[in-house]
Amino acid sequence: MSAKIIDGKQIAADIRAELKAEVANLKTKGIVPGIGVILVGADPASISYVTAKEKACEEIGIYSDDNRLPAETSEKDLLALVNKMNNDPKINGILVQLPLPKHIDEQKILLAIAPAKDVDGFHPVSVGKMCIGQKTFLPCTPHGVVQLLVRAGVKLDGAEVVIVGRSNIVGKPLANMLIQKSPTGNATVTVCHTRTKDIAYHTKRADIVIAAAGRPNTITADMVKPGVVIIDVGVNRIADATKKNGFRLVGDVDFEGLKEKASLITPVPGGVGPMTITMLLYNTVESAKMANGN
Ligand code: L34
(Lines give C-alpha, C1' and ligand atoms only; values in the text may rest on other atoms or scores of the structure.)
Protein backbone atom coordinates (compact mmCIF):
# COMPACT_ATOMS: atom_id res chain seq x y z
CA MET A 1 0.00 0.00 0.00
CA SER A 2 1.11 3.53 -0.63
CA ALA A 3 -0.23 6.16 1.72
CA LYS A 4 -2.29 9.13 0.73
CA ILE A 5 -0.57 12.35 1.83
CA ILE A 6 -2.62 14.65 4.05
CA ASP A 7 -2.00 18.04 2.47
CA GLY A 8 -1.74 20.39 5.43
CA LYS A 9 -0.93 23.33 3.21
CA GLN A 10 -4.14 22.87 1.23
CA ILE A 11 -6.33 22.30 4.29
CA ALA A 12 -4.76 25.37 5.90
CA ALA A 13 -5.45 27.39 2.74
CA ASP A 14 -9.11 26.28 2.80
CA ILE A 15 -9.54 27.40 6.41
CA ARG A 16 -7.69 30.68 5.76
CA ALA A 17 -10.05 31.44 2.87
CA GLU A 18 -13.01 30.94 5.24
CA LEU A 19 -11.36 33.22 7.81
CA LYS A 20 -10.55 35.88 5.22
CA ALA A 21 -14.23 36.12 4.29
CA GLU A 22 -15.13 36.34 7.97
CA VAL A 23 -12.60 39.14 8.58
CA ALA A 24 -13.97 41.06 5.56
CA ASN A 25 -17.45 40.74 7.03
CA LEU A 26 -16.23 41.98 10.44
CA LYS A 27 -14.67 45.00 8.74
CA THR A 28 -18.08 46.06 7.41
CA LYS A 29 -19.05 46.37 11.10
CA GLY A 30 -15.94 48.38 11.91
CA ILE A 31 -14.16 45.46 13.59
CA VAL A 32 -10.50 44.74 12.73
CA PRO A 33 -9.04 41.72 14.56
CA GLY A 34 -5.58 42.49 15.94
CA ILE A 35 -2.74 40.41 17.36
CA GLY A 36 0.24 41.49 19.44
CA VAL A 37 3.30 39.44 18.52
CA ILE A 38 6.32 39.19 20.80
CA LEU A 39 9.56 37.44 19.90
CA VAL A 40 12.45 37.63 22.35
CA GLY A 41 15.87 36.77 20.94
CA ALA A 42 16.97 35.60 17.52
CA ASP A 43 16.44 31.85 17.36
CA PRO A 44 16.33 31.20 13.59
CA ALA A 45 13.40 28.76 13.74
CA SER A 46 11.38 31.13 15.93
CA ILE A 47 12.08 34.02 13.56
CA SER A 48 10.83 31.94 10.65
CA TYR A 49 7.63 30.87 12.48
CA VAL A 50 6.81 34.37 13.73
CA THR A 51 7.44 35.90 10.32
CA ALA A 52 5.16 33.30 8.73
CA LYS A 53 2.45 34.06 11.32
CA GLU A 54 2.59 37.80 10.65
CA LYS A 55 2.48 37.25 6.90
CA ALA A 56 -0.55 34.98 7.29
CA CYS A 57 -2.27 37.65 9.43
CA GLU A 58 -1.67 40.25 6.76
CA GLU A 59 -3.01 37.95 4.04
CA ILE A 60 -6.38 37.55 5.73
CA GLY A 61 -6.68 41.10 7.08
CA ILE A 62 -5.65 40.71 10.72
CA TYR A 63 -3.69 43.70 12.08
CA SER A 64 -0.44 42.70 13.77
CA ASP A 65 1.68 44.64 16.22
CA ASP A 66 5.19 43.26 15.72
CA ASN A 67 7.63 43.31 18.66
CA ARG A 68 11.10 41.81 18.16
CA LEU A 69 13.03 42.20 21.39
CA PRO A 70 16.70 41.51 22.13
CA ALA A 71 17.61 38.28 23.96
CA GLU A 72 18.71 40.33 26.99
CA THR A 73 15.19 41.76 27.53
CA SER A 74 14.34 41.55 31.22
CA GLU A 75 11.38 39.64 32.58
CA LYS A 76 10.07 42.90 33.99
CA ASP A 77 10.12 44.66 30.60
CA LEU A 78 8.46 41.68 28.94
CA LEU A 79 5.73 41.66 31.59
CA ALA A 80 5.21 45.38 31.04
CA LEU A 81 4.73 44.85 27.30
CA VAL A 82 2.25 42.01 27.89
CA ASN A 83 0.35 44.27 30.28
CA LYS A 84 0.25 47.07 27.77
CA MET A 85 -1.22 44.67 25.20
CA ASN A 86 -3.74 43.38 27.77
CA ASN A 87 -5.07 46.94 27.96
CA ASP A 88 -4.89 47.79 24.26
CA PRO A 89 -8.36 47.53 22.66
CA LYS A 90 -6.82 47.10 19.17
CA ILE A 91 -5.23 43.84 20.34
CA ASN A 92 -7.48 40.78 20.55
CA GLY A 93 -4.75 38.20 20.89
CA ILE A 94 -1.26 38.05 22.39
CA LEU A 95 1.40 35.70 21.04
CA VAL A 96 4.60 35.30 23.03
CA GLN A 97 6.61 32.94 20.88
CA LEU A 98 8.30 30.12 22.82
CA PRO A 99 10.91 29.19 23.86
CA LEU A 100 11.90 32.28 25.85
CA PRO A 101 15.50 32.94 26.96
CA LYS A 102 16.51 31.00 30.09
CA HIS A 103 16.51 34.03 32.42
CA ILE A 104 12.78 34.57 31.85
CA ASP A 105 10.20 32.48 33.73
CA GLU A 106 7.97 31.22 30.94
CA GLN A 107 5.06 30.30 33.22
CA LYS A 108 5.09 33.75 34.78
CA ILE A 109 4.78 35.37 31.35
CA LEU A 110 2.00 33.04 30.20
CA LEU A 111 0.13 33.71 33.44
CA ALA A 112 0.29 37.47 32.77
CA ILE A 113 -1.59 37.22 29.47
CA ALA A 114 -5.26 38.12 29.92
CA PRO A 115 -7.24 34.87 29.37
CA ALA A 116 -9.56 36.80 27.00
CA LYS A 117 -6.52 37.42 24.74
CA ASP A 118 -4.83 34.03 25.20
CA VAL A 119 -4.94 32.99 21.54
CA ASP A 120 -2.18 30.41 22.12
CA GLY A 121 -4.29 28.67 24.76
CA PHE A 122 -1.35 28.34 27.18
CA HIS A 123 -2.73 30.25 30.18
CA PRO A 124 -3.68 27.91 33.06
CA VAL A 125 -7.28 29.18 32.83
CA SER A 126 -7.45 28.16 29.16
CA VAL A 127 -5.77 24.81 29.90
CA GLY A 128 -8.21 24.13 32.74
CA LYS A 129 -11.25 24.97 30.65
CA MET A 130 -10.00 22.77 27.84
CA CYS A 131 -9.53 19.85 30.25
CA ILE A 132 -13.12 20.02 31.48
CA GLY A 133 -14.54 20.56 28.00
CA GLN A 134 -15.58 24.20 28.32
CA LYS A 135 -15.37 26.56 25.35
CA THR A 136 -11.98 28.30 25.34
CA PHE A 137 -9.00 29.05 23.10
CA LEU A 138 -7.45 25.75 22.09
CA PRO A 139 -3.65 25.60 21.65
CA CYS A 140 -2.79 25.97 17.98
CA THR A 141 -0.68 22.90 17.17
CA PRO A 142 -2.94 20.27 18.79
CA HIS A 143 -6.04 22.06 17.48
CA GLY A 144 -4.46 21.99 14.02
CA VAL A 145 -3.79 18.25 14.35
CA VAL A 146 -7.43 17.58 15.26
CA GLN A 147 -8.63 19.70 12.32
CA LEU A 148 -6.30 17.82 9.95
CA LEU A 149 -7.71 14.49 11.12
CA VAL A 150 -11.32 15.68 10.89
CA ARG A 151 -10.91 17.29 7.46
CA ALA A 152 -9.02 14.24 6.12
CA GLY A 153 -12.06 12.16 7.12
CA VAL A 154 -10.29 10.10 9.80
CA LYS A 155 -12.72 8.49 12.27
CA LEU A 156 -11.82 9.50 15.82
CA ASP A 157 -14.79 7.94 17.62
CA GLY A 158 -13.41 4.84 19.35
CA ALA A 159 -10.06 5.07 17.55
CA GLU A 160 -6.90 3.87 19.29
CA VAL A 161 -4.57 6.88 19.28
CA VAL A 162 -0.97 6.82 20.45
CA ILE A 163 0.73 10.17 21.02
CA VAL A 164 4.51 10.10 21.40
CA GLY A 165 5.55 13.19 23.36
CA ARG A 166 4.17 14.85 26.50
CA SER A 167 4.99 18.54 26.09
CA ASN A 168 2.72 21.25 27.45
CA ILE A 169 2.25 22.68 23.97
CA VAL A 170 1.45 19.47 22.06
CA GLY A 171 1.26 16.06 23.75
CA LYS A 172 -0.64 16.93 26.92
CA PRO A 173 -3.28 19.21 25.39
CA LEU A 174 -3.75 16.93 22.37
CA ALA A 175 -4.43 13.92 24.61
CA ASN A 176 -7.02 15.99 26.43
CA MET A 177 -8.73 17.18 23.29
CA LEU A 178 -8.94 13.69 21.81
CA ILE A 179 -10.57 12.13 24.89
CA GLN A 180 -13.32 14.76 25.16
CA LYS A 181 -16.86 13.48 24.77
CA SER A 182 -17.37 15.31 21.49
CA PRO A 183 -17.54 14.67 17.74
CA THR A 184 -13.87 15.72 17.48
CA GLY A 185 -12.85 13.48 20.38
CA ASN A 186 -14.10 10.12 21.69
CA ALA A 187 -10.75 8.44 20.99
CA THR A 188 -8.89 6.09 23.33
CA VAL A 189 -5.56 7.78 23.93
CA THR A 190 -2.19 6.48 25.09
CA VAL A 191 0.64 8.95 25.72
CA CYS A 192 4.21 7.64 25.37
CA HIS A 193 7.30 9.57 26.42
CA THR A 194 11.00 9.27 27.15
CA ARG A 195 10.38 6.94 30.11
CA THR A 196 8.01 4.60 28.26
CA LYS A 197 9.44 1.06 28.44
CA ASP A 198 8.49 -0.10 24.96
CA ILE A 199 7.06 2.54 22.62
CA ALA A 200 6.61 0.06 19.75
CA TYR A 201 4.37 -2.14 21.94
CA HIS A 202 1.91 0.76 22.03
CA THR A 203 2.30 2.14 18.50
CA LYS A 204 1.81 -1.34 16.95
CA ARG A 205 -1.78 -1.43 18.12
CA ALA A 206 -2.61 2.16 17.19
CA ASP A 207 -5.05 3.24 14.47
CA ILE A 208 -3.50 6.72 14.63
CA VAL A 209 0.08 7.54 15.68
CA ILE A 210 0.92 11.17 16.45
CA ALA A 211 4.65 11.90 16.74
CA ALA A 212 5.53 14.97 18.80
CA ALA A 213 8.82 13.93 20.36
CA GLY A 214 11.16 16.48 18.79
CA ARG A 215 13.51 13.81 17.44
CA PRO A 216 13.90 12.44 13.89
CA ASN A 217 13.08 8.76 13.22
CA THR A 218 11.15 8.34 16.48
CA ILE A 219 8.59 6.28 14.55
CA THR A 220 9.69 3.75 11.93
CA ALA A 221 7.71 1.33 9.74
CA ASP A 222 8.43 -1.71 11.93
CA MET A 223 6.66 0.04 14.84
CA VAL A 224 3.20 0.34 13.25
CA LYS A 225 0.45 -1.80 11.77
CA PRO A 226 -0.47 -1.62 8.07
CA GLY A 227 -3.04 1.08 7.31
CA VAL A 228 -2.12 3.28 10.27
CA VAL A 229 -2.68 7.05 10.09
CA ILE A 230 0.51 9.01 10.84
CA ILE A 231 0.54 12.62 12.00
CA ASP A 232 4.04 14.08 12.20
CA VAL A 233 4.29 17.14 14.46
CA GLY A 234 8.10 17.28 14.43
CA VAL A 235 10.09 20.02 12.71
CA ASN A 236 13.81 19.25 12.97
CA ARG A 237 16.51 21.14 11.12
CA ILE A 238 19.17 18.79 9.76
CA ALA A 239 22.43 20.24 8.42
CA ASP A 240 22.53 19.82 4.65
CA ALA A 241 25.31 21.43 2.62
CA THR A 242 23.39 20.92 -0.63
CA LYS A 243 20.69 23.38 0.52
CA LYS A 244 20.97 27.14 0.08
CA ASN A 245 20.12 27.83 3.74
CA GLY A 246 22.37 24.99 4.94
CA PHE A 247 19.66 22.71 6.35
CA ARG A 248 16.63 20.64 5.49
CA LEU A 249 13.53 20.00 7.56
CA VAL A 250 12.56 16.53 8.70
CA GLY A 251 9.79 15.43 11.00
CA ASP A 252 9.80 12.92 13.84
CA VAL A 253 8.91 9.94 11.65
CA ASP A 254 10.66 7.94 8.94
CA PHE A 255 8.44 9.30 6.17
CA GLU A 256 9.95 7.20 3.34
CA GLY A 257 9.53 3.92 5.19
CA LEU A 258 6.11 4.73 6.62
CA LYS A 259 4.51 5.95 3.43
CA GLU A 260 4.56 2.37 2.13
CA LYS A 261 2.71 1.07 5.18
CA ALA A 262 0.38 3.84 6.33
CA SER A 263 -3.00 4.70 4.81
CA LEU A 264 -2.58 8.42 5.47
CA ILE A 265 0.48 10.44 6.45
CA THR A 266 1.36 14.12 6.90
CA PRO A 267 4.55 15.49 5.29
CA VAL A 268 7.12 17.82 6.88
CA PRO A 269 7.10 20.56 5.77
CA GLY A 270 3.54 21.12 4.60
CA GLY A 271 1.66 19.09 7.21
CA VAL A 272 1.01 20.27 10.75
CA GLY A 273 3.11 23.50 10.55
CA PRO A 274 0.74 25.47 8.31
CA MET A 275 -2.16 24.33 10.51
CA THR A 276 -0.49 25.71 13.66
CA ILE A 277 -0.38 29.13 12.03
CA THR A 278 -3.95 28.82 10.78
CA MET A 279 -5.41 28.00 14.18
CA LEU A 280 -3.72 31.11 15.60
CA LEU A 281 -5.58 33.15 12.98
CA TYR A 282 -8.78 31.31 13.88
CA ASN A 283 -8.40 32.06 17.60
CA THR A 284 -7.64 35.72 16.91
CA VAL A 285 -10.77 36.11 14.80
CA GLU A 286 -12.83 34.34 17.50
CA SER A 287 -11.36 36.65 20.13
CA ALA A 288 -12.23 39.76 18.09
CA LYS A 289 -15.81 38.49 17.73
CA MET A 290 -16.08 37.87 21.48
CA ALA A 291 -14.61 41.29 22.33
CA ASN A 292 -17.38 42.80 20.22
CA GLY A 293 -20.18 40.85 21.78
CA ASN A 294 -20.63 37.88 19.46
N1 L34 B 1 3.80 30.70 21.78
N2 L34 B 1 5.28 29.28 20.75
C3 L34 B 1 4.04 29.76 20.86
N4 L34 B 1 3.00 29.32 20.11
C5 L34 B 1 3.22 28.36 19.17
O6 L34 B 1 2.20 27.88 18.47
C7 L34 B 1 4.51 27.87 18.99
N8 L34 B 1 4.84 26.96 17.99
C9 L34 B 1 5.84 25.93 18.27
C10 L34 B 1 7.08 26.65 18.81
N11 L34 B 1 6.77 27.76 19.71
C12 L34 B 1 5.53 28.33 19.82
C13 L34 B 1 4.87 27.27 16.69
O14 L34 B 1 4.41 28.30 16.23
C15 L34 B 1 6.04 25.31 16.90
N16 L34 B 1 5.47 26.28 15.98
C17 L34 B 1 5.53 26.18 14.57
C18 L34 B 1 4.88 27.08 13.73
C19 L34 B 1 4.93 26.98 12.35
C20 L34 B 1 5.65 25.97 11.78
C21 L34 B 1 6.30 25.05 12.58
C22 L34 B 1 6.24 25.17 13.97
C23 L34 B 1 5.71 25.91 10.28
O24 L34 B 1 5.20 26.76 9.61
N25 L34 B 1 6.37 24.90 9.71
C26 L34 B 1 6.51 24.77 8.28
C27 L34 B 1 7.95 24.87 7.88
C28 L34 B 1 8.59 26.11 8.40
C29 L34 B 1 10.00 26.34 7.90
O30 L34 B 1 10.20 26.30 6.68
O31 L34 B 1 10.89 26.58 8.74
C32 L34 B 1 5.95 23.43 7.86
O33 L34 B 1 5.51 23.32 6.73
O34 L34 B 1 5.98 22.50 8.69
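Numbers here are sequence positions counted from 1. Counting starts at 1 for both ligands and their atoms, in listed order.
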What's the shortest distance from atom 31 (O) of ligand 1 to any protein heavy atom, and which residue and atom give it? S48 OG, 3.3 Å
For ligand 1, which is the ligand I care about here, please tell me if V96 has any N or O atom under 3.5 Å from one of the ligand's N or O atoms. yes
Does R151 pair with E18 as a salt bridge, N-O distance under 4.0 Å? yes
Does an N or O from T276, backbone or side chain, lie closer than 3.5 Å to an N or O of ligand 1? no
Applying a heavy-atom cut-off of 4.0 Å, say which part of L98 lies close to ligand 1: side chain, backbone, both or neither. both
Quick one: look at L249 and ligand 1, take heavy-atom pairs under 4.0 Å, and tell me if it's side chain, backbone, both or neither. side chain
closest protein heavy atom to atom 3 (C) of ligand 1 is D120 OD2, 3.4 Å
Looking only at distance, does Y49 have an N or O less than 3.5 Å from an N or O of ligand 1? no
Go through it in stages, so that I can follow the logic: the residues are N236 and L249, the test is side-chain contact (heavy atoms from CB on, under 4.5 Å), and I'd like the CA-CA distance, side-chain angles, deciding distance and then a yes or no. CA-CA 5 Å; N236 306 291; L249 288 179; over 6 Å; no
At under 4.0 Å between heavy atoms, what of V268 touches ligand 1? The answer is neither
K53 near ligand 1 by a heavy-atom separation under 4.0 Å: yes
Ionic contact status for E160 with R205, cut-off 4.0 Å: yes
I'd like a table of donor-acceptor pairs (distance under 3.5 Å, sequence neighbours excluded) in which one partner is a side-chain atom from residues 89-99, with atom names and distances.
{"from": "N92", "atom 1": "OD1", "to": "G34", "atom 2": "N", "distance (Å)": "2.9"}
{"from": "Q97", "atom 1": "OE1", "to": "K53", "atom 2": "NZ", "distance (Å)": "2.9"}

Distance-only, no hydrogens or angles: does the K261 side chain make a donor-acceptor pair with backbone N or O of G227 under 3.5 Å? no
Between L95 and ligand 1, which part of the residue brings a heavy atom under 4.0 Å of the ligand: side chain, backbone, both or neither? side chain
With rounding to the nearest 0.5 Å, note down the distance linking OG1 in T136 to CG in D118. 7.0 Å
